[in-house]
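A short worksheet on the structure shown next.
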2 protein chains.
Amino acid sequence: MPGRPSAHGRRPTERKGDVRERAILDTCEALLAHKGYDAMTVGDVAQGAGITRGALYFYFGSKQEVVTALVARTVEHLWERSRVTAQTEEPRPAITAAMQRTVELWSAHGLVMRTAIDLSLTVPEIGELWNHTADLFIVAITAVLERAGVQGGTAPDQASAMARALCWMIERTFYHASQESREKLQEASATCEYIWRTSARLIP
Amino acid sequence: MPGRPSAHGRRPTERKGDVRERAILDTCEALLAHKGYDAMTVGDVAQGAGITRGALYFYFGSKQEVVTALVARTVEHLWERSRVTAQTEEPRPAITAAMQRTVELWSAHGLVMRTAIDLSLTVPEIGELWNHTADLFIVAITAVLERAGVQGGTAPDQASAMARALCWMIERTFYHASQESREKLQEASATCEYIWRTSARLIP
DNA sequence: ATAAAAATCTACACTGTGTAGACTTTTGCC
DNA sequence: GGCAAAAGTCTACACAGTGTAGATTTTTAT
């Protein structure tokens with residue numbers, strides 16, 4: 001969306017605009033934290049980034065585009081992490097590891113993740129981004145369930161459907177917990193892990 | 001919030017305003033369905049209800065108040081239902097009954113429930129309303145879990161915490177399913193029921 | 001029939017968004 | 001070093017939506 005190709009591939013010189021773009025996104029994140037999406041105005045973001053509204057519109061076409069870019073930045077980060085964390089483990093420790101990673105993700109990026117969820121319907125692009133992210137999780141959960149002996153398939157008591165429900169459980173539970181504190185997040189994690197394990201029949 | 005005491009206690013005559021207020025809420029619900037909250041303007045609602053913007057502000061102080069009233073109206077309905085559906089049953093059929101009731105609720109009121117969830121953060125009053133509703137569900141789920149032999153308490157593997165996570169699972173799963181179709185809702189229900197049962201150790 | 005209450009309207013002030021066009025700075029090249 | 005193009009920035013404006021004020025009409029109750 002920016003008016004110029006975003007410098008990703010290690011450009012020789014870093015354009016002034018790249019710095020500004022980052023400043024805009026950072027400011028947006030900060031404002032989101034203590035004003036919320038609705039209360040935050042484009043003017044606020046511009047001011048925080050040290051430019052005027054007019055200048056901001058050179059980088060992003062709208063308020064929604066700014067937030068979409070912020071979500072994209074964060075979510076790319078999640079994708080990398082999930083690519084790294086491999087899947088060659090036994091079910092039980094795999095579940096524990098996955099939940100631990102989830103706690104870390106929500107600790108670090110809870111605000112943006114909550115924003116992404118909130119805007120998923122109203123901003124289609126963000127909806128896409130978040131759906132894709134959720135799908136990654138669902139696939140991962142499905143794999144663990146199958147390795148634990150749950151039958152693969154889409155019937156209500158088979159891996160795929162269960163994974164989807166478990167994913168939403170984790171999303172929503174962490175969504176709420178991350179608004180409170182790190183401790184709540186840890187408790188939420190323990191509960192979700194327990195239910196995930198019983199669903200995989202690993203609590204005999 | 002209306003400019004006059006809302007006629008609840010079977011007034012002898014029904015004020016013209018009561019009809020209008022209902023018309024406003026009905027219009028709001030209809031518009032929410034095919035425009036969404038953001039795109040829907042106060043002018044649209046007024047027009048749909050057959051009055052001007054100015055007149056609408058006689059009934060409600062803001063767009064948010066209109067939607068809050070709509071949520072309140074719907075949610076009161078849920079509360080009645082949940083009060084009626086008693087709790088004197090064995091765990092297994094109780095779970096089935098609860099899920100069936102949940103399907104009905106989401107079939108009938110999915111749109112408003114989704115709206116309530118979406119606006120929970122930005123509109124504190126709606127947040128209150130929805131929290132209260134969720135608490136009713138959590139208490140009910142807790143009761144069922146305990147009757148199924150799950151230890152009461154707030155530790156991660158005890159009834160209270162589990163009930164909360166299961167509630168969020170159901171909320172989020174139905175939230176998504178209700179955007180698609182009745183069939184999806186039914187499938188979602190079956191999956192949630194299965195996970196709820198395994199969590200209660202009722203799948204030997 | 002009439003006065004108070006309820007309901008409605010028009011007009012306005014304000015805030016926030018997004019756009020237009022002029023102006024300034026930076027960059028790459030001869 | 002000088003200079004054109006690209007990149008970045010600004011001010012000013014047009015527009016849409018919200019909420020308010022006050023005048024005016026309709027309903028209701030006596």
Side-chain angles (χ1 to χ4, degrees), chain A residues 1-28 31-32 35-70 119 122-123 125, chain B residues 1-28 31-32 35-70 119 122-123 125:
Chain A
M1 302 109 215
R4 127 211 83 60
S6 163
H8 254 311
R10 277 302 93 215
R11 281 276 180 62
T13 56
E14 185 176 49
R15 290 240 181 289
K16 190 179 177 186
D18 296 326
V19 178
R20 274 286 145 78
E21 196 170 313
R22 229 178 305 131
I24 291 171
L25 261 30
D26 292 343
T27 304
C28 178
L31 286 174
L32 234 26
K35 296 194 80 167
Y37 178 79
D38 286 338
M40 173 187 81
T41 92
V42 175
D44 292 337
V45 179
Q47 185 171 19
I51 53 179
T52 58
R53 266 169 22 84
L56 188 144
Y57 278 102
F58 173 77
Y59 295 98
F60 300 98
S62 70
K63 183 180 173 180
Q64 297 196 341
E65 273 189 21
V66 175
V67 179
T68 301
L70 175 61
L119 297 181
T122 38
V123 187
E125 299 217 356
Chain B
M1 304 112 214
R4 120 212 89 58
S6 166
H8 255 310
R10 280 299 97 215
R11 279 276 180 63
T13 57
E14 184 176 49
R15 289 241 181 289
K16 188 181 178 185
D18 295 326
V19 179
R20 273 286 143 77
E21 194 170 316
R22 231 178 304 131
I24 291 170
L25 261 31
D26 292 343
T27 303
C28 177
L31 286 175
L32 234 26
K35 296 196 76 166
Y37 179 79
D38 286 337
M40 174 188 79
T41 92
V42 175
D44 292 336
V45 180
Q47 185 171 18
I51 52 178
T52 58
R53 269 168 22 82
L56 188 145
Y57 279 102
F58 173 76
Y59 295 99
F60 300 98
S62 69
K63 182 179 173 181
Q64 297 195 341
E65 273 189 21
V66 175
V67 179
T68 301
L70 174 61
L119 298 180
T122 38
V123 186
E125 297 216 358

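Just so you know, these numbers use all the heavy atoms, side chains as well, and skip hydrogens, waters and symmetry mates. For clarity, every value in this text was computed on a predicted model and none was experimentally measured. Chain letters run A, B, ... following the sequence lines, proteins first, then strands; residues in each count from 1.
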Nearest nucleotide by nearest heavy atom, which residue falls closer to the 5' end of DNA chain C, B:I51 or A:V42? B:I51
Length of the CZ-P vector between B:F60 and C:dA7, whole Å: 12 Å
Rounded distance (Å) that lies between atom P of C:dT17 and atom CD of A:E65: 14 Å
Rounding to an integer number of Å, can you tell me how far B:F58 CZ sits from D:dG22 P? 17 Å
Separation of B:Y57 atom OH from D:dT20 atom P, in whole Å? 8 Å
Minimum heavy-atom distance A:K35-A:M40, with the two atoms named: CB-N, 4.3 Å
Do any side-chain nitrogens or oxygens of B:T52 fall under 4.0 Å of OP1 or OP2 in C:dC9? yes
Mind calculating the distance between CD (B:Q47) and P (C:dT10) to the nearest angstrom? 13 Å
Options C:dA7, D:dA7, D:dT18, nucleotide nearest the side-chain atoms of B:R20: C:dA7
Closest to the B:S62 side chain: D:dG19, C:dG16, C:dA7? D:dG19
Rounding to an integer number of Å, can you tell me how far A:I24 CD1 sits from D:dG8 P? 10 Å
Any N or O donor-acceptor pair linking the side chain of A:R53 to the base of C:dG16 at under 3.5 Å? no
C:dG16 C1' sits how many Å from A:L31 CG, rounded? 15 Å
If you look at every heavy atom in B:T68 and B:E125, which pair is closest and at what distance? CG2-OE1, 3.7 Å
Any idea which heavy atoms bring A:T122 and A:Q64 closest together, and the distance? O-NE2, 4.4 Å
C:dT8, OP1 or OP2 - any side-chain N/O from B:Y59 closer than 4.0 Å? yes
Using every non-hydrogen atom in the two residues, find where B:T27 and B:A49 come nearest and quote the distance to one decimal. OG1-N, 3.7 Å
Correct closest heavy-atom pair for B:V66 and B:L25 would be O-CD1, 3.9 Å
Between CG of B:D44 and P of D:dG17 the distance, given in whole Å, is 8 Å
